[in-house]
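No hydrogens, no waters, no symmetry mates; every other heavy atom, side chains included, goes into these values. Computed from a predicted model, the values in this text were never measured in an experiment.
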Amino acid sequence: MFIRKLQDIRKSDRNIKSKGWESARLQLKDDNMGFSFHVTTMYAGEELHMHYQNHLESVLVLKGTGTIEDLGEGVTHQLAPGVMYALDKHDKHIVRPETDILCACVFNPPVTGKEVHDESGAYPADTEQVKEPAFAE
């Protein structure tokens, strides 16, 4: 078991800031859980073009409003507290926060913690193997 506090992560190198968003990475690849867990803020007035070609992501909106446009389907959906979206087909999308949006995100495979979006809106693939945890007998 491990315990982490969001307030501590926000003050550490696990809190990643980029144009239009900030992400507190509470659980990463080296935690050996098979997924990573983030608390992310997407800032009002931004237009975030993303296309996770190497990851699947589920997002639960906790606070704020905006829209997500599915570029493959040409459909726009409203985002508000309690709405979850899953990028289950490596969906190319645009998030347009009307207010700051606070959300909880899960990535599979897990991210290492330093990723930022590349020019295509993706996180790079991580090919490094996770070390097996050592267990005491």
Side-chain angles (χ1 to χ4, degrees):
M1 177 186 301
F2 56 87
I3 306 293
R4 297 196 175 118
K5 295 181 180 178
L6 180 58
Q7 65 190 29
D8 295 337
I9 297 295
R10 292 233 189 257
K11 298 176 198 168
S12 78
D13 65 353
R14 286 176 168 245
N15 195 67
I16 306 299
K17 296 179 183 180
S18 190
K19 182 176 177 2
W21 58 270
E22 178 175 353
S23 182
R25 278 98 187 258
L26 287 106
Q27 183 177 293
L28 295 169
K29 179 180 179 179
D30 64 2
D31 290 316
N32 294 308
M33 293 286 293
F35 61 94
S36 57
F37 181 81
H38 316 196
V39 174
T40 299
T41 303
M42 295 180 281
Y43 296 116
E46 296 291 337
E47 185 169 284
L48 305 170
H49 294 252
M50 294 176 271
H51 184 200
Y52 296 119
Q53 299 163 42
N54 304 304
H55 298 84
L56 300 176
E57 181 190 26
S58 291
V59 177
L60 175 63
V61 176
L62 302 171
K63 292 182 184 177
T65 60
T67 62
I68 183 170
E69 182 179 355
D70 179 338
L71 296 174
E73 297 292 325
V75 177
T76 299
H77 304 276
Q78 290 298 126
L79 299 176
V83 173
M84 189 275 292
Y85 64 88
L87 303 168
D88 63 335
K89 295 177 184 73
H90 304 283
D91 310 273
K92 192 172 189 178
H93 62 288
I94 302 172
V95 176
R96 296 181 180 96
E98 296 160 358
T99 66
D100 286 358
I101 294 177
L102 179 69
C103 51
C105 312
V106 176
F107 280 86
N108 183 15
V111 300
T112 63
K114 301 298 182 192
E115 293 87 351
V116 293
H117 299 103
D118 66 17
E119 62 281 350
S120 72
Y123 286 154
D126 176 34
T127 57
E128 185 178 314
Q129 295 295 316
V130 173
K131 295 177 183 147
E132 291 296 320
F135 294 100
E137 292 189 38

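Residues passing the side chain to side chain donor-acceptor pair (under 3.5 Å) test with T41: none are found, sequence neighbours excluded. Every residue two or more places apart in sequence or in another chain that forms a side chain to side chain donor-acceptor pair (under 3.5 Å) with E46 is listed here: K19. Looking at residues two or more places apart in sequence or on another chain, you find a side-chain contact (heavy atoms from CB on, under 4.5 Å) between E57 and Y52, V59, L87, C105, F107. Not a single salt bridge (Lys or Arg N to Asp or Glu O under 4.0 Å) links K11 to another residue, sequence neighbours left out. The side chain to side chain donor-acceptor pair (under 3.5 Å) search around D91 returns none, not counting sequence neighbours. F37 meets the side-chain contact (heavy atoms from CB on, under 4.5 Å) test with L26, Q27, V39, A104, V106; sequence neighbours excluded. For R4, the salt bridge (Lys or Arg N to Asp or Glu O under 4.0 Å) partners are D31, not counting sequence neighbours. E73 meets the side-chain contact (heavy atoms from CB on, under 4.5 Å) test with D70, V75; sequence neighbours excluded.
As a member of the Ile/Leu/Val/Met/Phe/Trp/Tyr network built from side-chain separations under 4.5 Å, L56 groups with nothing else and remains a singleton. Residues M1 make up the rest of the hydrophobic cluster containing I3, defined by ILVMFWY side-chain heavy atoms closer than 4.5 Å, directly or through other members.
Residue pairs meeting the side-chain hydrogen bond (donor to acceptor under 3.5 Å, both in side chains) criterion with at least one partner in residues 75-89, sequence neighbours excluded, do not occur; the list is empty. Residue pairs meeting the side-chain hydrogen bond (donor to acceptor under 3.5 Å, both in side chains) criterion with at least one member in residues 94-106, sequence neighbours excluded: E47-R96, T65-E98, E69-R96.
The minimum heavy-atom distance between S58 and A86, with the atom names listed, is OG-CB, 3.8 Å.
In the hydrophobic clustering of this structure, L102 groups with L60; members are Ile, Leu, Val, Met, Phe, Trp, Tyr whose side-chain heavy atoms approach within less than 4.5 Å, directly or through other members.
You'll find the side chain of I16 reaches within 4.5 Å of the side chain of W21, heavy atoms only.
Electrostatic pairing of D30 and R25 does not count as a salt bridge here, judged by no charged N lying under 4.0 Å from a carboxylate O.
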